[in-house]
Amino acid sequence: MGDRDELHELRQRAHEAGIEGNSKMNEQQLREALKKMGKGAEPMVAKREAKGYL
């Protein structure tokens, strides 16, 4: 899968998981947010932490 396709897939997964407004997140941030959600974090908390806003 190409980089663009992979990024699209990550954005889709984030959207389905409830992480709204993820279009400005990079690949690393998306992966981190999804990982945090997998450990039980709320969607917006995971997004905020992945973007570096604690």
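A pairwise comparison of heavy atoms in L34 and A14 identifies CD2-CA, 3.9 Å as the closest pair. The two residues R11 and M25 come nearest to each other via the heavy atoms NH1-O, 2.9 Å. Here the closest non-hydrogen pair linking A17 and P43 is O-CG, 3.8 Å. Closest non-hydrogen pair, A33 versus A50, comes out as N-CB, 3.7 Å.
Residue pairs meeting the side-chain hydrogen bond (donor to acceptor under 3.5 Å, both in side chains) criterion with at least one partner in residues 19-29, sequence neighbours excluded, are E27-R31. Applying the salt bridge (charged side-chain N to carboxylate O under 4.0 Å, His left out) test to residues at least two apart or on different chains, the pairs with a partner in residues 33-44 are E32-K36, K36-E49.
Residues L30 and L7 form a side-chain contact, since some pair of their non-hydrogen atoms from C-beta on lies under 4.5 Å apart. Side-chain contact between R13 and I19 is absent, with no heavy atoms from C-beta onward closer than 4.5 Å.
Checked against side chain to side chain donor-acceptor pair (under 3.5 Å), E16 has the following partners two or more places apart in sequence or in another chain: Q12.
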